[in-house]
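Letters go in sequence order (proteins before strands), and every chain restarts at 1.
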Number of protein chains: 2
Amino acid sequence: MPRPRLSRPARKPPSRYHHGDLAHAMLQEAVRTIQKQGIAALTLRGVGERLGVSRTALYRHFADKQGLLAAVAAEGFRMLRAALVEAWDARGRGREGFEAMGAAYVRFAVAHTGHYRVMFGGVVPPGNEDCEVSVAGGDAFQALVDAIVEQQQRGLIVSDDPLQLARYIWSVVHGISMLALDGLLPTPAEAEALVRYANERLRTGIAQ
Amino acid sequence: MPRPRLSRPARKPPSRYHHGDLAHAMLQEAVRTIQKQGIAALTLRGVGERLGVSRTALYRHFADKQGLLAAVAAEGFRMLRAALVEAWDARGRGREGFEAMGAAYVRFAVAHTGHYRVMFGGVVPPGNEDCEVSVAGGDAFQALVDAIVEQQQRGLIVSDDPLQLARYIWSVVHGISMLALDGLLPTPAEAEALVRYANERLRTGIAQ
DNA sequence: TCCTTATGTTGACAGTGGCAACATTAAGCG
DNA sequence: CGCTTAATGTTGCCACTGTCAACATAAGGA
């Protein structure tokens, strides 16, 4: 029940009826819920309630629950891309920066479980080449491709098809992230150790 | 409504009240549903209906929906393990067999989407070290470790910690599988090409 | 000022997982 | 054979969920 307005509304939350930036708040709350309790526990009613808003307010900002999840995935891919290029740039865009990129990937996955699980949980039905989440995902992948091409031009990496190389490397970091998320790498330290090991073996191969 | 029994029951389905092997049938039906329509579309009522059985019959064979999904995951891990050792054994337990193992992994993931999505979708809450699914998953992983150790003893693979090596290689094949499942590798042929490429780069590394 | 649009709310409905109580069959045992 | 008991399947019921339609409220331009 909406308690009667006691005094005239303050400046910052002027009305309490219109939230101001509900879409963003809902995204945040959805991510927090998934991170703490898993995707299955995400409830539109719960999100609304925790934000002090009605259960269907969401429909003014997202098409439906799928839409909310798609937005989470898209935001996740944008954040991932930012983390990747940041690591790559901050460490000199050389071999060191490239390895930092890998570490940044896994660190993102572990730190932002809520996003990551939605990004790769088969939640968004694949196919739509030009939907927001596909575009964001493609951009993140492209950051890796760009770094590979740059390394190839400096002769630091074999000059195979960059796309294939990128897929291969993406598989490695994504696989490590999944192992960590599924609790198969007990501690975060173990995850970082695996990343370091993977970087070494990635460079030199496993053949004797 | 159960239509009145017109003639005495035939031999094979003697009663129609007791199904005979309902647990197995439900597993099968659940997998089929997930494969065709995704995890979100899996409904206990739907499973029961499609099997000509009541909606709550499932509870005589599984604790709840989670239990059914856990059984799917466990069965998946057992099937995966069988596929891995079969490929490893059939191709001579050498380098060729080892690469066949990788190909078999990806082939399993692509062919059994229904199982694979449950195995790695974050559906089973991690932690329980000794639950059925954890054990089955550990066994599948162990098959890879064993193959690595055997290769190391023949001097075909660098003699690093086998566990770390196994995690690294598992990450590669799991990552490729995920890319394929999420539709990022358009055709199955493209997936196989990536596996072949990964095998080559896995051996020799990416450094120039 | 009034009208339009954006935003939030309430009521209602079908579908879902799950529990308790009941019905039906199979299986052991004299 | 008959009786008892456990296994298996069913129905009634409940709280909860996503979603839509209708309504309420606020913000902004004319």
Seminar exercise, completed: Atom CG of A:Leu58 and atom P of C:dT9 are separated, to the nearest Å, by 12 Å

For this session: Spell out yes or no: do the side chain of B:Arg55 and the base of C:dG18 have one donor N/O and one acceptor N/O closer than 3.5 Å?
Result: yes

When the side chains of residues 95-114 of chain B are checked against the rest of the protein, which donor-acceptor pairs come out under 3.5 Å, sequence neighbours left out?
unit_1	atom_1	unit_2	atom_2	d
B:Arg95	NH1	B:Glu99	OE2	3.1
B:Glu96	OE2	B:Arg91	NH2	3.3
B:Glu99	OE2	B:Arg203	NE	3.3
B:Tyr105	OH	B:Tyr116	OH	2.7
B:His112	ND1	B:Phe108	O	3.3
B:Thr113	OG1	B:Val110	O	3.2

Problem set entry | Pairwise side-chain contact, B:His115 with B:Val31, heavy-atom cut-off 4.5 Å (strictly under) | yes

Exercise. Among all residues two or more places apart in sequence or in another chain, which pass the salt bridge (Lys or Arg N to Asp or Glu O under 4.0 Å) test with B:Asp89?
Worked result: B:Arg93

Exercise. For the side chain of A:Leu44, counting heavy atoms from C-beta on, which of D:dG9, C:dG8, D:dG18 is nearest?
Worked result: D:dG18

Exercise. Between B:Leu69 (CG) and C:dG18 (C1'), how many Å, whole number?
Worked result: 15 Å

Problem set entry | A:His61 side chain near C:dA6 phosphate (N/O to OP1/OP2, under 4.0 Å) | no

For this session: Could you check how far NZ of A:Lys65 sits from P of D:dC20, rounded to whole Å?
Result: 14 Å

Exercise. Just by modelled atom types, is the A:Ala57 backbone N or O under 3.5 Å from a matching donor or acceptor in the A:Ser54 side chain?
Worked result: no

Exercise. With a 3.5 Å cut-off and just heavy-atom distances, do the side chain of B:Ser54 and the base of D:dT11 make a donor-acceptor pair?
Worked result: no

Problem set entry | Integer-rounded Å distance: D:dT8 C1' and B:His24 NE2 | 19 Å

For this session: Report the distance from atom CZ of A:Phe62 to atom P of D:dT19, rounded to the nearest whole Å.
Result: 13 Å

Exercise. Side-chain contact, heavy-atom cut-off 4.5 Å: B:Gln164 with A:Arg196?
Worked result: no

Exercise. 5'-most contact on DNA chain C: B:Asp64 or A:Asp21, nearest heavy atom basis?
Worked result: A:Asp21

Exercise. Are A:Asp160 and B:Ile206 close enough that some pair of their side-chain heavy atoms sits under 4.5 Å apart?
Worked result: no

For this session: Nearest whole angstrom, please: distance from the P of C:dG18 to the CG of B:Leu68.
Result: 10 Å

For this session: Kindly check if the number of other-residue, nucleotide or ligand heavy atoms within 6.0 Å of CD (B:Glu200) is above 12?
Result: yes

Problem set entry | Phosphate-side-chain proximity, A:Tyr59 and D:dC20, N/O vs OP1/OP2 below 4.0 Å | no

Problem set entry | Given D:dT10, C:dG8, D:dT19, the nucleotide with the shortest approach to the side chain of B:Arg60 | D:dT10

For this session: Could you identify which residues of residues 27-43 of chain B place a heavy atom less than 4.0 Å from some atom of DNA chain C, listed by residue number, or say none?
Result: B:Leu42, B:Thr43

For this session: Classify the side chain of B:Arg45 versus the base of C:dG15 as yes if they form a donor-acceptor pair under 3.5 Å and no if they do not.
Result: no

